[in-house]
Structure formats: structure tokens, C-alpha cells
Amino acid sequence: MDGSAGVHGHRVPDESLLDDEKSMLANDPGGMLRATASAGAQVRESAALAAEADLSMLSDEGRPRAVVVAGIGTAGLTGNILATVAGHRCPVPIIGHRSAGIPGWVGAADVVFAVSASGRSPEALAAAEAAVRRGARLVAIGNPDTELQAMAERARSPFIPVPRRAPARASLWGLAVPVLLAARAIGLVKVNEADLAETATRLDADAERCRPAADSFVNPAKSLALGLAGSIPIVWGSSPLATVAARRFADTLAANARYPVMAGALGEAGRGRVGLLDGVFGGLAESSRDIFADPDASSDDATRLRLVLLRDGGLNPEEDADEPVAVEERRADAVQTLAERRGVRCDVLTAEGGSAIERLASLTAVPDFASLYLALAHGLDPMAVPAISEMKELSNPMPEGIQ
């Protein structure tokens with residue numbers, strides 16, 4: 001097979017494409033922009049579906065020893081979201097599990113969340129099967145009328161349906177909200193209806209700001225995309241919540257725009273990875289730039305770092321938190337100063353909102369759209385990823401008799 005088969009687009013981004021709404025929509029036949037704009041609606045719909053599910057048995061059986069959230073990709077990220085919203089004071093450990101089955105220690109004292117947007121992922125199905133076999137409580141979340149729902153019904157376990165209308169990576173809130181509400185039923189998180197309503201409203205507002213018809217100079221997602229174009233992005237989060245958003249941005253940049261990204265916590269970066277700012281793609285590359293040149297122009301072939309810093313300084317009512325806000329803020333200020341001294345471009349997004357879930361939404365909405373606009377600037381269809389289809393074919397070859 002030709003390794004370039006099905007690969008379309010152009011290496012050099014075309015800024016003019018982002019101000020041509022008709023062309024953008026033509027290059028997005030799968031409707032990823034529309035699906036991403038539905039984030040607020042996902043919050044409302046999934047909250048309503050969770051309310052209709054019978055979660056009373058979760059509270060009736062009391063607090064578990066531990067919670068395992070099993071899933072892959074975006075479904076797997078819901079475990080990180082739950083752990084972050086629950087916070088360090090959560091009375092039980094919350095473990096994300098992104099491979100088949102469940103950890104060997106899981107048993108009757110534990111709860112397993114099996115999450116799958118399709119309702120068919122091998123990881124979620126294997127986790128559900130193992131949970132039932134070991135006597136653990138099971139909560140299944142995913143596409144209705146699938147094997148995952150059937151397994152939950154056979155085990156007489158709660159199932160929260162999340163109708164699949166888009167790829168999993170565009171369904172983050174449809175998957176995350178049921179996880180949070182099921183955890184609330186167990187008594188692990190404090191998420192109320194007002195928090196969900198405010199989160200949905202913020203996602204709606206950000207979708208309006210980032211709409212395709214808004215020109216690049218007033219659209220924060222288009223501006224972020226153009227700043228990242230042609231660079232090697234590094235996305236760091238200043239807090240645990242911001243780090244979840246950073247890893248989400250890395251996932252969408254890789255899947256939608258096909259950009260290699262490094263993401264993680266700013267605290268970890270300060271122990272070694274901040275040295276990238278001095279390296280061949282950082283300060284060394286910037287030192288060769290003409291000081292009179294346009295700072296955003298790509299006048300040579302050097303690939304450079306572009307730092308995206310997600311800051312969460314604000315809410316931190318727990319005085320005994322591992323990383324107080326003041327420490328996170330000083331660290332973020334220091335990294336911005338280091339980047340400025342070396343000429344490394346830095347974009348900063350700051351969380352807003354009165355609850356953890358709303359603040360997380362404020363750090364994911366614009367980056368989600370930015371990953372799509374970056375793909376479209378390169379002429380890429382953000383939904384169609386030929387390499388994924390090829391990998392499935394190569395990993396699961398058809399039996400010889402059927403070929």
C-alpha cells in the first residue's frame with residue numbers, strides 16, 4: 001500500500017482559509033466544527049439522561065474502597081476529570097485504567113466505571129466483564145443498544161446512555177457529565193445542577209466566540225491556531241485541573257491537526273522539561289531570527305517551539321492543598337519570563353468560573369476549536385484520519401479464506 005494514500009492537505013498553513021467560511025465547511029464534511037459547538041448541549045442532554053437512569057443502587061450500597069474508570073482515548077480522560085473535580089480530599093482513590101481488563105486488586109468492595117462512546121471498545125467491554133466476574137459494582141456509560149448496555153443489563157447494573165452523534169473526541173462532555181453524576185450518587189463529588197447549567201452556558205458562549213463566521217482577529221480559537229501553525233507545541237498546565245485541559249489539548253491537536261505535542265504539569269516541567277526552552281527548537285532557534293523580522297512570520301525553515309500555558313490561579317479553598325495557588329502562580333509567572341527571555345512565543349489561557357467543572361470547560365473550549373482550525377488551515381479534514389483506518393486493517397487482518 002502507498003504510505004501516502006488518502007493523505008491530503010498542505011504542509012504550509014493557509015491563513016486565508018480560516019476567513020472563508022464556505023471553504024472551511026467544505027473541508028469539514030464530517031461536521032467536527034458543528035459537533036464541537038454542541039458541547040453545551042451535550043452537558044444538558046447527558047445530565048438529563050443520567051437523571052433518568054436508576055443510580056439509587058450506587059448510593060444504597062455505600063462508599064466503595066476505590067473507583068476505577070476504564071476507557072480509552074476521550075473516554076479514558078473522563079477518569080482524570082473525575083479525579084480532578086473530586087479533588088485531593090476525595091475519600092477514596094480514583095484510578096484511570098486505559099487498557100483491557102481491570103487492575104488485579106479490584107474486587108467486591110470497588111466500583112468500576114466502563115466508559116465507551118461507541119459502546120463497543122474492547123477496553124470498556126473487558127473492564128465491564130471483569131468487574132461483573134469479580135463482584136465489583138459496575139456503572140456503564142456509552143452508546144445505547146450496544147454490547148456495553150447488554151452487559152450492564154445482564155448484570156443488573158446502571159447504564160447511562162450517551163447517543164453517539166460524533167467521534168468520541170468531539171463528545172467529551174457527553175461522556176464526562178454522566179461519570180461525574182454517577183460519582184455524585186456514590187458521594188465522591190459535589191456537582192450541582194447550577195454548576196452544570198453554568199458550564200453549559202459557558203460552553204455555548206465560547207462556541208459563539210469561536211464560530212466559523214468570526215474573523216481570525218476576533219476569534220480566539222483561530223488566533224491560537226495560527227500562532228501554533230508550523231510549530232512544535234508544548235502545553236503545560238499550572239494545576240491538576242489545568243493539566244487535564246493541557247492533555248486534552250494535546251490529544252485534539254494530535255488527532256485533528258496531526259501535530260506532535262508535549263503536554264503535562266508545570267510542576268513536572270520545572271524538574272527538567274523546562275530545559276526545552278534552551279534547546280535547538282527553543283532559544284537556539286530563536287537566537288538566529290532577524291530581530292527586525294515579523295515575530296509571527298515564518299521566514300525560514302526552522303521549526304520552533306510554541307508554548308501554551310494554561311493557568312488556573314483562582315479557586316483553591318483547601319488551605320492544605322498540595323500545590324497552593326500562590327505556588328502555582330509563581331511557577332507560571334517564572335515560565336512565562338523564561339520563555340520571554342529566550343524569544344519563545346507563549347500563549348496564555350486563564351480559567352474562569354465558579355466551579356471546578358466550569359473552570360475546566362473554560363480551558364478546553366477554545367483549544368478544542370483551535371485544533372480544528374489548525375487542521376483546516378492545512379487543508380486537512382479533521383475527522384478523517386487515514387492512518388487510523390490503516391492501522392485497524394493492519395492490526396486486525398481478515399482471515400485468509402475471506403480475503
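Distance check: Ser157 OG to Met151 CE gives 9.5 Å after rounding to the nearest 0.5 Å. To the nearest 0.5 Å, atom CG of residue Asp215 and atom CD of residue Glu21 are 10.0 Å apart. Between the OG1 atom in Thr337 and the CZ atom in Arg342 there is a gap of 10.0 Å [rounded to 0.5 Å]. Distance check: Asp347 CG to Leu307 CG gives 8.0 Å after rounding to the nearest 0.5 Å. Distance check, rounded to the nearest 0.5 Å: CD1 of Ile357 to CG of Leu241 gives 10.0 Å. Atom CG of Leu376 and atom OG of Ser23 lie 10.0 Å apart (nearest 0.5 Å).
Residues that satisfy the ring-ring contact (aromatic ring centres under 6.0 Å, His included) test with Phe281, not counting sequence neighbours, are absent from this structure.
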Compile the donor-acceptor pairs under 3.5 Å between side chains in residues 222-236 and protein atoms, sequence neighbours left out, one pair per line.
unit_1, atom_1, unit_2, atom_2, d
Lys222, NZ, Leu18, O, 2.6
Lys222, NZ, Pro212, O, 2.7
Lys222, NZ, Ala214, O, 2.7
Ser223, OG, Ser216, O, 2.7
Ser223, OG, Asn219, O, 3.2
Ser231, OG, Leu228, O, 2.6

Identify each donor-acceptor pair in which a side-chain atom of residues 164-171 lies under 3.5 Å from a protein atom, sequence neighbours left out, and give them as a table.
unit_1, atom_1, unit_2, atom_2, d
Arg164, NE, Ala166, O, 3.3
Arg165, NH1, Glu45, OE1, 2.8
Arg165, NH1, Glu45, OE2, 2.9
Arg165, NH2, Glu45, OE2, 3.0
Arg169, NE, Asn256, OD1, 2.6
Arg169, NH2, Pro382, O, 2.6
Arg169, NH2, Met383, O, 3.2
Ser171, OG, Pro167, O, 3.0

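The two atoms that bring Ala50 and Leu181 nearest to each other are CB-CD1, 3.7 Å, heavy atoms only. Ser46 and Val177 make their closest contact through OG-CB, 3.3 Å (heavy atoms, listed as atom of the first residue, atom of the second, distance). A pairwise comparison of heavy atoms in Ala182 and Leu55 identifies CA-CD1, 4.1 Å as the closest pair. Of all non-hydrogen atoms in Cys346 and Ala339, the two that sit nearest each other are CB-CB, 4.4 Å. Arg120 approaches Ser116 most closely through the heavy-atom pair N-OG, 3.4 Å. Shown here for Ala136 and Val112, the closest heavy-atom pair between the two residues is CB-CG2, 4.3 Å.
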For salt bridge (Lys or Arg N to Asp or Glu O under 4.0 Å), just list the numbers for Glu268 and Arg273, CA-CA rounded to whole Å, side-chain angles, deciding distance to a tenth of an Å, and then say yes or no.
CA-CA 7 Å; Glu268 296 172 351; Arg273 292 184 179 180; 5.2 Å; no
For a side-chain contact (heavy atoms from CB on, under 4.5 Å) check, start with the C-alpha distance between Leu188 and Cys90, then their side-chain angles and the critical distance, and finish with the verdict.
CA-CA 6 Å; Leu188 303 185; Cys90 182; 4.3 Å; yes
Leu360/Trp173 under side-chain contact (heavy atoms from CB on, under 4.5 Å): CA gap, chis, key distance, verdict:
CA-CA 11 Å; Leu360 179 63; Trp173 293 102; 4.1 Å; yes
After noting the C-alpha distance and the side-chain angles of Leu310 and Ser238, does the key distance pass the side-chain contact (heavy atoms from CB on, under 4.5 Å) rule?
CA-CA 6 Å; Leu310 304 184; Ser238 69; over 6 Å; no
So Val68 and Val111, side-chain contact (heavy atoms from CB on, under 4.5 Å) or not? Walk me through it.
CA-CA 6 Å; Val68 174; Val111 174; over 6 Å; no
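No more than 12 heavy atoms of other residues, nucleotides or ligands shown are found within 6.0 angstrom of CD on Glu340. For Arg134, the CZ atom is densely surrounded, since the number of other residues' heavy atoms within 6.0 Å is greater than 12. The neighbour count for Arg258 CZ, taken as heavy atoms of other residues, nucleotides or ligands under 6.0 Å away, is above 12. Within 6.0 Å of atom CD in Glu15, 12 or fewer heavy atoms from other residues, nucleotides or ligands are found, so the atom counts as exposed in its surroundings.
With 3.5 Å as the limit, one finds no donor-acceptor pair spanning the side chains of Gln336 and Arg331. Under 3.5 Å, the side chains of Tyr373 and His378 contain no donor-acceptor pair of N or O atoms.
Although no hydrogens or angles enter the test, the distance criterion places no donor-acceptor pair under 3.5 Å between the side chain of Arg137 and the main chain of Asp110. A donor-acceptor pair under 3.5 Å links the side-chain atoms of Arg359 to the main chain of Asp312, judged by distance alone. Here the side chain of Ser371 pairs no donor or acceptor atom with the backbone of Leu253 at under 3.5 angstrom. Ser239 places a side-chain N or O within 3.5 Å of a backbone atom of Ala242 that can act as its donor or acceptor partner. Glu329 contributes no side-chain N or O that, together with a main-chain N or O of Val325, makes up a donor-acceptor pair within less than 3.5 Å. Using a distance-only test at 3.5 Å, with no hydrogens or angles considered, no donor-acceptor pair links the side chain of Arg156 to the main chain of Ala152. Asn192 contributes a side-chain N or O that, together with a main-chain N or O of Asp195, makes up a donor-acceptor pair within less than 3.5 Å. Judged by distance alone, with hydrogens and angles left aside, the side-chain atoms of Asp19 form no donor-acceptor pair with the main-chain N or O of Ser16 at under 3.5 Å. Remark: the backbone N or O of Leu33 is not paired with any side-chain donor or acceptor of Thr36 at under 3.5 angstrom. Formation of a donor-acceptor pair under 3.5 Å by the Arg211 side chain with backbone atoms of Glu208 is found in this model.
Inter-residue side-chain proximity for Arg311 and Leu349 is flagged as unmet; no heavy-atom pair is nearer than 4.5 Å. No side-chain heavy atom of Asp28 sits less than 4.5 Å from a side-chain heavy atom of Leu372. Using a 4.5 Å heavy-atom threshold, the side chains of Leu77 and Leu172 count as touching. Between Leu203 and Gln42, every side-chain heavy-atom pair lies at or beyond the 4.5 Å cut-off. Side-chain atoms of Ile186 and Ser59, non-hydrogen and from C-beta on, never get closer than 4.5 Å to each other. The closest side-chain heavy-atom distance from Pro367 to Thr252 is not below 4.5 Å. Counting heavy atoms from C-beta on, the side chains of Asp381 and Asn27 never come closer than 4.5 Å. Side chains of His97 and Glu123 form no contact here, defined as non-hydrogen atoms less than 4.5 Å apart.
Classification of Glu198 and Arg44 as a salt-bridged pair fails, no side-chain N sitting under 4.0 Å from a carboxylate O. Note on Glu147 versus Arg154: salt bridge recorded, some NZ/NE/NH1/NH2 to OD/OE distance being below 4.0 Å. Salt bridge Asp278/Arg341: absent, no basic N to carboxylate O contact under 4.0 Å. A salt bridge links Asp206 with Arg209; the closest basic N to acidic carboxylate O contact falls under 4.0 Å. A salt bridge links Arg202 to Glu358: at least one charged side-chain nitrogen sits closer than 4.0 Å to a carboxylate oxygen.
Of the candidates Asp368, Thr364, Thr243, Asn80, Arg248 forms a side chain to side chain donor-acceptor pair (under 3.5 Å) with just one, namely Asp368.
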